[in-house]
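Following: one structure in structure tokens, then a few remarks.
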Amino acid sequence: MALPDKLVQEFTELVTHYPERRAGLIPALHRCQEELGGWLSPQVIEDLAAFFGLEPVEVFGVATFYPMFRLTPRGKHLVSVCHNISCTLRGGEELLAHVCEVTGAPVGGTSPDGQFTVVRVECQGACANAPMFDLDGIYHEDLDAQKAERILRSVK
Amino acid sequence: MKEFPKYLLNRIGVADSHTLRAYRSQGGYQAIEDVLRKPWTQEQVIGVMKDSGLRGRGGAGFPTGMKWSFMPDITKDPRPRYLAVNADESEPGTCKDRVLMERDPHGLIEGCLIACYAMRSKAAYIYVRGEYRLSYNRLQAAIDEARAVGLIGKNILGTDFSCDIWMHKGAGAYICGEETGLMESLEGKRGHPRPKPPFPAGSGLWKSPTTVNHVESIFNAPFIVKNGAEWFKTMGVPKSTGNFLCGISGHVNKPGVYELPFGLTARQIIDEVAGGVWKGRKLKAFFPGGSSTGLLPASMVDVVMDHDSVKAAGSMFGTAAMIVLDETASIPQVMDVTARFYDHESCGQCSQCREGTQWLHQIFRRIAHGKGSPADLDLLVSLSNGMAPAKTICALADAAAIPTLAAVKHFRAEFEECIRLGRDPLRQESKTAPELHEAHA
């Protein structure tokens, strides 16, 4: 298998932003994760390695360093709940418990219906609007149990 | 509190403040036009930045103009040079750069152009944390708008100044907010900080001269160029000039991001700006500038919020991200959370940090859960002294160790009580989430 043409074209332009091709790797990992099912499969890692002229293990080494990259499949929706200090002080742990209850997913796992994966994340920079979660790339801030439930049910 | 002049957040009140039209209608891009048309010399731009006394807003408070002046003389060193903008806002409690990037992205871009002109950089890379999708999209749209009208690219405004600005997305690693970790990451590698020297101005991105500046520092540049160093120095205090963005969070009535002059006390900020401690409770403690800055007890709330005064009080001004704890907050639990963060974020290169952050986390965790032993407090202190100051490649170990020492110093009695009782009397039982991987908890 190879990367879709659309991504190859995109990455070919992307690497022109930098004096060295490899600099495009992390943005390219993001794009692959966005476009190819929400995670980075071993095949994608190999395809990216080929594009960047690197060994697959080098790409794997980069991907495993960064918490935003997922190396296992996930549910249809990804809920990232902040559990750092400002959120914890304003009910972040209770919010997390509630998110698990509403979605049926344990922390770090996926709900039986495959709809939601729930993860704990460190500070997301929404401290003045705590507690918060990120749902599929959109921040939801100043949350309470009712508001969280409404948001989660709206995508279910 | 007296009224004071503001400039950082003045533009964000108008409709579509993130667009070129709105930015131009409020005098945007006049500073770079003036620099290019007059033209100013590079030395003049660096001179006004130095004279303004602007100190970097990313945590260390290093003078921005001085940093710019470290770039080598182009006649002796013709290597290409780069500006990297640190938009990896990840210090817990810090949520201010987001406001600038989402709502006034052109202000940052104009700042980048001025900085690149002054340092003769051919390109700027704005390294935004991956989670900040709206910041990224707004900045990218602003770059596209600016490029379309000849403000970015070759021969800007018909002059011989050429400069590219590129967006670059990080992927959730706190350590990439450290300037050399950021450069490694930008080069497509794991974000392992580099030993210094060499310093970035001598050998940075792709072994070329590089300056890494924080978003809010760069954002100040057009204002200083346009209004002058004397204007800038009318705000703040003599050694911390201008205004700063203060993100205040935790147990206050009105958490938010506020533009403030240096020189107010922490008490004024908590009570008069952020509406006071919430629920009518009393203040217990506060982090003055993010979780890497030592916790200060309520008795020190009259500390003046500027770089030198907070340092004299035994903490740091940091990113001015104040995190407020009320009387019901448990210090062992707070330290458990912050120690977990540094444990999670250590890159693992230096043993003191890789092992030390893990140990600190384990010890705070057991104390917070009533399983601490009387020897733990001395162990925290001896571990911290083995990690900092300046014993590792970068300052992450210091960021974990120094607040640990502060917490033990100011709240020793509370830790001792948890250990003696075998439980944390301030712990409130609440619903806990089911974990898939127990190891992560």
Side-chain angles (χ1 to χ4, degrees), chain A residues 17-30 33 52 54 58 61-69 80-81 83-91 93-101 105-110 118 120-130 134 137-139 142, chain B residues 80 89-95 97-98 123 125 129-134 164 166 168-174 185-191 205-206 208 247-251 255-257 287 291 321 323-325 329 333-334 337-338 341 344-345 347 430-437 440-441:
Chain A
H17 302 181
Y18 310 96
E20 285 181 13
R21 189 175 175 91
R22 179 175 181 155
L25 178 59
I26 291 169
L29 283 163
H30 270 298
Q33 184 162 285
F52 284 98
L54 299 167
E58 291 178 273
V62 170
T64 52
F65 186 81
Y66 295 93
M68 286 185 79
F69 295 134
S80 308
V81 186
H83 69 154
N84 206 292
I85 186 68
S86 302
C87 281
T88 302
L89 292 172
R90 296 182 79 104
E93 287 294 334
E94 291 82 351
L95 173 68
L96 178 66
H98 195 68
V99 167
C100 290
E101 208 173 287
V107 180
T110 300
V118 175
R120 293 168 175 274
V121 288
E122 295 299 352
C123 187
Q124 302 285 291
C127 320
N129 301 88
D134 173 307
I138 310 268
Y139 277 21
D142 297 308
Chain B
E89 179 163 81
S90 312
E91 170 70 20
T94 314
C95 50
D97 294 338
R98 224 182 113 189
Y125 294 94
R129 65 177 300 180
E131 296 89 339
Y132 276 9
R133 290 175 180 84
L134 183 58
D164 267 316
W166 304 111
H168 190 97
K169 203 178 267 194
Y174 170 71
S185 180
L186 225 158
E187 292 182 4
K189 301 170 194 161
R190 295 164 73 92
L205 282 168
W206 306 288
S208 281
I248 183 165
S249 64
H251 294 158
V257 175
F287 290 98
S291 71
I323 307 168
V324 176
L325 313 179
Q333 288 176 46
V334 165
V337 171
T338 60
F341 174 73
H344 183 258
E345 300 297 340
C347 85
S430 61
K431 271 198 307 195
T432 51
E435 302 276 343
L436 181 68
H437 304 295
H440 188 86

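In what follows, chains are A, B, ... by sequence order, proteins preceding strands, each numbered from 1.
Between A:Arg22 and B:Glu187 there is no side-chain heavy-atom pair separated by less than 4.5 Å. A:Pro67 places a side-chain heavy atom less than 4.5 Å from the side chain of B:His344.
Here the closest non-hydrogen pair linking B:Arg190 and A:Gly61 is NH1-O, 2.6 Å. What you find for A:His83 and B:Val337 is that their closest heavy atoms are O-CG1, 3.8 Å. When every heavy atom of A:Ala128 is checked against every heavy atom of B:Cys95, the shortest pair comes out as N-SG, 3.6 Å. Taking all atoms of both residues into account, the shortest heavy-atom contact from A:Tyr66 to B:Lys189 is OH-O, 2.6 Å. When all heavy atoms are compared, the tightest approach of B:Leu436 to A:Gly109 is CD2-CA, 3.5 Å. Residue A:Ala97 comes nearest to B:Thr432 through the heavy atom pair CB-C, 3.8 Å, listed as atom of the first residue, atom of the second, then distance.
For A:His17, the parts lying under 4.5 angstrom from a heavy atom of chain B are both the backbone and the side chain. When heavy atoms are compared at a cutoff of 4.5 Å, A:Glu101 approaches chain B solely by way of its side chain, counted from C-beta outward. Residue contact with chain B, scored on non-hydrogen atoms closer than 4.5 Å, involves the backbone and the side chain of A:Cys123 alike. With a 4.5 Å cut-off on non-hydrogen atoms, B:Ser185 touches chain A through its backbone and its side chain both. In this structure, the portion of B:Leu325 lying under 4.5 Å from any heavy atom of chain A is its side chain and not its backbone. Interface remark: B:Ile323 contributes side-chain atoms only to the contact with chain A (heavy atom separation under 4.5 Å). For a residue to count as touching a neighbouring chain, one of its non-hydrogen atoms must lie under 4.5 Å from one of that chain's; by this rule A:Asp134 touches chain B with the side chain only. Only the side chain of B:Glu345 comes within contact range of chain A, with at least one heavy atom under 4.5 Å from a heavy atom of that chain. Proximity to chain B (any heavy atom under 4.5 Å) is shown, for A:Ala126, by both the backbone and the side chain.
Not a single donor-acceptor pair under 3.5 Å links the side chain of B:His168 to the backbone N or O of A:Gly24. Here the side chain of A:Tyr139 pairs no donor or acceptor atom with the backbone of B:Arg133 at under 3.5 angstrom. The closest donor-acceptor contact from the side chain of A:Arg90 to the backbone of B:Gly250 lies under 3.5 Å.
Annotation: the span from A:Glu20 atom CD to B:Leu205 atom CG amounts to 10.0 Å, rounded to 0.5 Å.
Ring geometry for A:Tyr18 against B:Tyr125 counts as parallel: the plane angle stays under 30°, on a 0 to 90° scale with 60° as the upper cut.
Here B:Arg129 is the residue among B:Glu91, B:Arg129, B:Glu89 with the most heavy-atom pairs under 4.5 Å with chain A. Heavy-atom pairs under 4.5 Å with chain B peak, among A:Ser86, A:Pro106, A:Ala130, A:Gly125, at A:Gly125. The candidate with the highest count of non-hydrogen atom pairs below 4.5 Å against chain B, out of A:Leu29, A:Val62, A:Asn84, A:Leu25, is A:Asn84. Ranked by non-hydrogen atom pairs under 4.5 Å with chain B, the options A:Ile85, A:Leu96, A:Ile138 are led by A:Ile85. Between chain A and the residues B:Gly130, B:Ala173, B:Gly191, B:Ser90, the largest count of heavy-atom pairs under 4.5 Å involves B:Gly191. Between chain A and the options B:Ser208, B:Gly170, B:Ala329, B:Ser249, the largest number of non-hydrogen pairs under 4.5 Å is found for B:Ser249.
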